[in-house]
Amino acid sequence: MTDSTQKHYSTCTLCEAMCGIEVTTQEREILSIAGDKQNPFSEGHVCPKAMALKDLYEDPDRVKKPLEKTASGWQELEWDEALDKVAQGLFDVQQKHGTESVATYLGNPNAHNMGSILFGPYFYRALRSHNRYSATSVDQLPHHIVSRQLFGHQSQIPIPDIDHTQYFMIIGGNPLASNGSIMTVPHIKRRLKAVQSRGGKVVVVDPKKSETADISCEHHFIKPGTDALLLLAMLNTLFAEGLNKPGKLAELTPKLSLIEAYVAPYPASRVATLTGMDEQEIKDIVRGFCAAESAVCYGRMGASVQAFGTLTQYLIMLFNILTGNLDRQGGMMFTQPAADLLPHSGRGTIGQYHSRVRKLPAFAGEFPVSALAEEILTEGEGQIKGMVIGAGNPILTTPNGQQLDTAFESLEFVVAVDFFITETSRHANIILPPVTALERDHYDVVFHNFAVRNSTKFSPAIFEPSDDSRTDWQIYLGLAERLDALNGASTEKYAALWQKEPTGVVNDLLQMSDYRHEGERLNIDLLKRLPHGIDLGPLREDLPNAIYHSDKQIDLSFDYFMGDLQRLNDTYFADKPAEENGQLQLIGRRHLKTNNSWLHNSQRMVKGTKGGLSRCTAQLHPDDAQRLAVTDKQMITVSSRVGSIQIPAEITEKIMPGVISIPHGWGHNKKGMRWKVAQEHAGVSVNDLTDEMVLDELSGNAVLNGVPVSVTPIESAN
Ligand SMILES: Nc1nc2c(c(=O)[nH]1)N[C@H]1C(S)=C(S)[C@@H](COP(=O)(O)OP(=O)(O)OC[C@H]3O[C@@H](n4cnc5c(=O)[nH]c(N)nc54)[C@H](O)[C@@H]3O)O[C@H]1N2
Ligand SMILES: Nc1nc2c(c(=O)[nH]1)N[C@H]1C(S)=C(S)[C@@H](COP(=O)(O)OP(=O)(O)OC[C@H]3O[C@@H](n4cnc5c(=O)[nH]c(N)nc54)[C@H](O)[C@@H]3O)O[C@H]1N2
Ligand code: SF4
Ligand SMILES: [Mo]
């Protein structure tokens, strides 16, 4: 090692696991990235994606200066000029078409970016438009709604206490690929094995025998979208067999006994066939769960982003409550984060206003993203004419991406805050590129709240900023100040904010906490001295304190949630003959080396794909393949109501018969992008099949799992 090499301790922000990393640099070059063995939370764990942070930093396709689209192609702009032009452009659209005519879409990486979380809101406020969308409505919206209603705050979501549980039931999550979600959990494989080596069980319910199912005790196939039926039958069994033992929770939820009547019509015998499970199998799960010393039922993407996602997440919570496993060691527990944003953030309003065209309810100030294209394409007052897309790629990640692509063509002014020219940002008039993760200060203001253990860590930027670089928060604050000035509003507050920076806000939050380290109040300077982070212990029992309702009771909100049983009954029990149309049910999947749509430009992430196939394949069961005359690796056409794609088949017994699995985030074959490696591994976009008109109606969440599709072979394999 030469004198100029340096080691930095930082955090990987690519997924929710918050792994500590050791980054070796020389001047402004990253030499290597490895797991930080001294990090008390992740203990040296990293997955192959950690190295993608280096690839992102070095990517020759990365945009480093603002770009403006001109007749002769992209032209670089200086920052001040770019921010002036963007603010003026947005202001002009609003002057011409009204305040609501500019919409925003916030993508997933914002959640991993304290600057966007803490200072982005100044921009949205300065923009004054209610036309707001985000990736929440293709993801965790049901969790927010359940927590808002039951516990009084959208982000007060309890987390599986994986390190102490004796029975871990996973419905529609594949943490071995995703590294966990709404469960910040580095080293998931080791932790799942630990459950089993201490005599506990891991039980997976999934239409695919996933990587997680492969290392679990039990796997149960379930027909996509029928999880609510399974949960109703599980709750029914609890009452039928006298297994409901809520313990101390009964005092916090006096109406608990009323659940029995709601679930009475759904004995396991009635729903078994519909779910693809058998009666005994369902009852045995319930008995095993209740016999365990502690147990937790956890549902994620597969359970949330489907037609009954909100009802399913609600029933999961009821099951944990009725078995006494909420707020109990080894059950579902609330975290006690050191920098707690919750008391200072919106608790989440439901249905405060509705979308213009389809009248869909807003949640926490955002409309379902499934409504975005129609709000752009449908003429009339309030029609969207300008867009700001921050860290998102909705053309690949939201339902009916083709329609959105067409809609974006018609916009008057588009701004993308992104460091790549993607399927979406290629529509921009101006691209404002922030720095990548390792070049900015980082404190995880979101994912500490979802972690399986309490800890705290601050990671300063590894490289000094250059004059020509901006972070997301600097972009948003710069735009906010300009917009306020254009609107004649006061800009007085900004001087203090520029001075404070998001890091100052985190410092304030840390100082408010009760935690002490060797007698010292937590603060940023302390954390700078302890770059591996500080362990703050296991999750603790926290009820009724964790409840945000003023009466400190869990509000089961029967009318709101159980009202959806009517739609469930209409779907599954209406007296209509079953349609035998030979269609398959489409579901999604993730791979360890992907991250939604945006890591495919790293050679390291796309190389070495199995059997010469790209990772973007359609997995189906041998029985369906035979019926449809499809052979392995053969190209097939998969069609839905909204479109069709051509994709190689991958035949595997791991998929349930009647189901087809296609990953999202591919389809890098559009004109005008600047993603060389990704374009060479283009694949196709599954969201050209998903349907923007089919929703989890209770929440407006998209339905990306359980989409009916037809399959036809197109050419023989050889
Ligand atoms: N069919 C199907 N569709 C899905 C899913 C599925 O399971 N199946 N999953 C859904 C889920 S859970 C999610 S969260 C969404 C994600 O959907 P999106 O958030 O819309 O998409 P991403 O692919 O995460 O795109 C992130 C963009 O942000 C840019 N970016 C990365 N880091 C930063 C940063 O720090 N600052 C800025 N300004 N930009 C940055 C990247 O270059 C990229 O263009 O996809 C959803 N879509
Ligand atoms: N490597 C990698 N990691 C990621 C991401 C990534 O793109 N790549 N994305 C990140 C993001 S944004 C998120 S939100 C998380 C998501 O993390 P997870 O929730 O773990 O998501 P998936 O890995 O997609 O696993 C979903 C599982 O649900 C199953 N499933 C599909 N439909 C149904 C159904 O109807 N019922 C049931 N019971 N199961 C069903 C699928 O077969 C799949 O195994 O991952 C994060 N981590
Ligand atoms: S598991 Fe997630 S946080 Fe950890 S190294 Fe991989 S991508 Fe990064
Ligand atoms: Mo997500």
Side-chain angles (χ1 to χ4, degrees), residues 11-21 33-35 42 45-53 56 59 62-63 105-113 115-116 120 133-140 174-175 178-182 184-188 300-302 304-305 369 389-399 401 416-425 431-437 439-440 442 444 447 470-473 475-476 586-590 592-601 661-666 673 675 685-690 702-705 707:
T11 310
C12 175
T13 50
L14 290 174
C15 86
E16 299 177 31
M18 284 195 325
C19 294
I21 50 175
I33 300 180
S42 59
H45 177 262
V46 278
C47 83
K49 281 202 295 294
M51 278 302 272
L53 290 168
L56 284 172
D59 196 319
R62 189 180 136 194
V63 181
Y105 172 85
L106 291 185
N108 168 277
N110 288 299
H112 302 265
N113 186 322
S116 310
Y133 303 81
S134 82
T136 293
S137 51
V138 281
D139 191 350
Q140 80 287 1
N174 184 15
S178 68
N179 284 307
S181 185
I182 317 202
T184 284
V185 58
H187 232 319
I188 180 70
R300 226 1 227 126
M301 274 304 282
S304 307
V305 192
V369 71
I389 303 121
N393 194 3
I395 287 176
L396 292 195
T397 59
T398 68
V417 183
D418 204 305
F419 40 63
F420 284 123
I421 307 181
T422 69
E423 294 73 11
T424 302
S425 65
I431 298 179
L432 301 172
V435 295
T436 61
E439 303 164 81
R440 60 178 192 241
H442 177 71
D444 232 304
F447 294 104
R470 296 290 184 277
T471 59
D472 287 83
W473 74 263
I475 294 170
Y476 288 125
L586 171 68
I587 61 168
R589 70 173 189 269
R590 285 174 159 76
L592 192 56
K593 288 192 184 172
T594 66
N595 195 18
N596 296 316
S597 74
W598 64 285
L599 283 191
H600 300 144
N601 212 45
S661 154
I662 303 179
H664 72 287
W666 299 90
M673 296 154 43
W675 251 353
S685 178
V686 70
N687 285 318
D688 291 346
L689 296 175
T690 53
V703 175
L704 305 176
N705 294 296
V707 178

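The residues of the chain are indexed from 1 along the displayed sequence. Every value quoted in this text rests on a predicted model; they were computed, and no experiment measured them. In listed order, ligands and their atoms are each counted from 1.
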Nearest 0.5 Å, please: how far is CG in Leu592 from CG in Asn179?
5.5 Å
Is the distance between atom 6 (Fe) of ligand 3 and the nearest N/O/S atom of Cys19 smaller than 2.8 Å?
no
Report the C-alpha separation of Leu704 and Asn687 in whole Å, then their side-chain angles, then the decisive distance to 0.1 Å, and conclude whether the side chain to side chain contact (heavy atoms under 4.5 Å, CB included) test is met.
CA-CA 8 Å; Leu704 305 176; Asn687 285 318; 3.7 Å; yes
Taking only non-hydrogen atoms of Asp139 and a 4.0 Å limit, the atoms of ligand 1 in range are 12 (S), 14 (S)
Rounded distance (nearest 0.5 Å) linking atom CG of Asp472 with atom CG of Asn113:
4.5 Å
List the atom of Asn393, the atom of Glu423, and the distance in Å for their closest heavy-atom pair.
ND2-OE1, 2.9 Å
Go through ligand 1 atom by atom and flag the ones less than 4.0 Å from a non-hydrogen atom of Gly107.
19 (O)
Donor-acceptor pair, distance only, cut-off 3.5 Å: does the side chain of Asn108 make one with the backbone of Ala135?
no
Worked verdict on Trp598 versus Leu396 for side chain to side chain contact (heavy atoms under 4.5 Å, CB included)
CA-CA 10 Å; Trp598 64 285; Leu396 292 195; over 6 Å; no
If we set the cut-off at 4.0 Å for heavy atoms, which region of His112 has an atom near ligand 1: side chain, backbone, both, or neither?
neither
Using atom types as modelled and distance alone, determine if a side-chain donor or acceptor of Ser181 lies under 3.5 Å from a backbone N or O of Glu16.
no
Flag Phe419 as yes when one of its N or O atoms lies below 3.5 Å from any N or O atom of ligand 1, and as no otherwise.
no
Please list, in number order, the atoms of ligand 1 under 4.0 Å from a heavy atom of Phe420.
42 (O)
For the pair Arg589 (side chain) and Ser661 (backbone), establish whether a donor and an acceptor sit closer than 3.5 Å, ignoring hydrogens and angles.
yes
Asn595 side chain to Leu14 backbone, donor-acceptor under 3.5 Å:
yes
Could you pull out the closest heavy-atom pair between Gly392 and Pro394, with the gap in Å?
C-CD, 3.4 Å
Report yes if Asn108 has an N/O atom closer than 3.5 Å to an N/O atom of ligand 1; otherwise report no.
yes
Starting from atom 6 (Fe) of ligand 3, what is the nearest protein heavy atom, named by residue and atom, and what distance separates them?
Cys47 SG, 2.3 Å
Does ligand 1 come near enough to Asn595 that some N or O of the ligand is less than 3.5 Å from an N or O of the residue?
no
Minimum-distance protein heavy atom relative to atom 39 (N) of ligand 1
Ala391 CB, 3.2 Å
Please say whether Asp472 places an N or O atom under 3.5 Å from an N or O atom belonging to ligand 1.
yes
Specify the protein heavy atom at minimum distance from atom 46 (C) of ligand 1: its residue, its atom name, and the distance to 0.1 Å.
Thr397 O, 3.4 Å
Under 4.0 Å from a heavy atom of Met18: which atoms of ligand 3 are those, numbered in the order shown and with their elements?
3 (S)
With respect to His664, which candidate in Thr398, Asn596, Thr594, Thr397 satisfies the side-chain hydrogen bond (donor to acceptor under 3.5 Å, both in side chains) definition?
Asn596
Atom 7 (S) of ligand 3 sits nearest the protein heavy atom Lys49 CE, 3.4 Å
In this structure, atom 1 (S) of ligand 3 is nearest to the protein heavy atom Asn179 ND2, 3.2 Å
I'd like to know whether ligand 1 has Gly390 as a neighbour, heavy-atom separation below 4.0 Å.
no
Sub-4.0 Å atoms of ligand 1 with respect to non-hydrogen atoms of Val417
37 (C), 38 (N), 39 (N)
In this structure, atom 6 (C) of ligand 1 is nearest to the protein heavy atom His664 ND1, 3.3 Å
How long is the gap from NZ on Lys49 to SG on Cys19, to the nearest 0.5 Å?
9.0 Å
Counting heavy atoms only, which part of Asn393 comes closer than 4.0 Å to ligand 1: side chain, backbone, both or neither?
both
Run the numbers for me: atoms of ligand 1, each under 4.0 Å from some heavy atom of Pro394, listed by number.
20 (O)
Looking at side-chain heavy atoms only, is the closest gap between Asp59 and Phe420 below 4.5 Å?
yes
What atoms in ligand 3 come closer than 4.0 Å to a heavy atom of Cys12?
3 (S), 5 (S), 7 (S), 8 (Fe)
In ligand 1, which numbered atoms sit nearer than 4.0 Å to a non-hydrogen atom of Pro109?
24 (O), 26 (C), 28 (O), 30 (N), 31 (C), 32 (N), 33 (C)
Sub-4.0 Å heavy-atom contact, Gly665 with ligand 1
no
Shortest non-hydrogen contact from Val305 to Asp139?
CG2-O, 3.4 Å
Gly588 heavy atom under 4.0 Å from ligand 1
no
For atom 10 (C) of ligand 1, state which one of Asp418, Thr398, Val138 supplies the nearest heavy atom.
Val138
Under-4.0 Å heavy-atom contact with ligand 3, by part of Glu16 that carries it:
neither
Here the gap from Cys15 atom SG to His112 atom NE2, rounded to the nearest 0.5 Å, amounts to 7.0 Å
List the closest protein heavy-atom neighbour of atom 1 (N) of ligand 1: residue, atom name, distance to the nearest 0.1 Å.
Asn687 OD1, 3.0 Å
At what distance is the nearest protein heavy atom to atom 35 (O) of ligand 1, and which residue and atom is it?
Arg440 NH1, 2.9 Å
Would the distance check show the side chain of Ser304 and the main-chain N or O of Gln140 forming a donor-acceptor pair, the cut-off being under 3.5 Å?
no
Taking atom CD1 of Ile475 and atom CG of Leu432, what is their separation to the nearest 0.5 Å?
5.5 Å
Got a second to check how far Thr13's OG1 is from Met18's CE, nearest 0.5 Å?
12.0 Å
Assert yes or no for the condition that the ring centre distance of Trp666 to His600 is strictly below 6.0 Å.
yes
Which atoms of ligand 1 sit under 4.0 Å from any heavy atom of Val686?
1 (N)
For ligand 1, which atoms have a heavy atom of Asn113 less than 4.0 angstrom away?
35 (O)
Among all protein heavy atoms, pick out the one at the shortest distance from atom 2 (Fe) of ligand 3; state its residue, atom name and that distance to 0.1 Å.
Cys15 SG, 2.3 Å
Closest approach of any protein heavy atom to atom 9 (N) of ligand 1, naming residue and atom
Arg590 NH2, 3.1 Å
Which of the ligand 3 atoms, numbered from 1, are nearer than 4.0 Å to a heavy atom of Val46:
5 (S)
Is it the case that ligand 1 has an N or O less than 3.5 angstrom from some N or O of Ser597?
yes
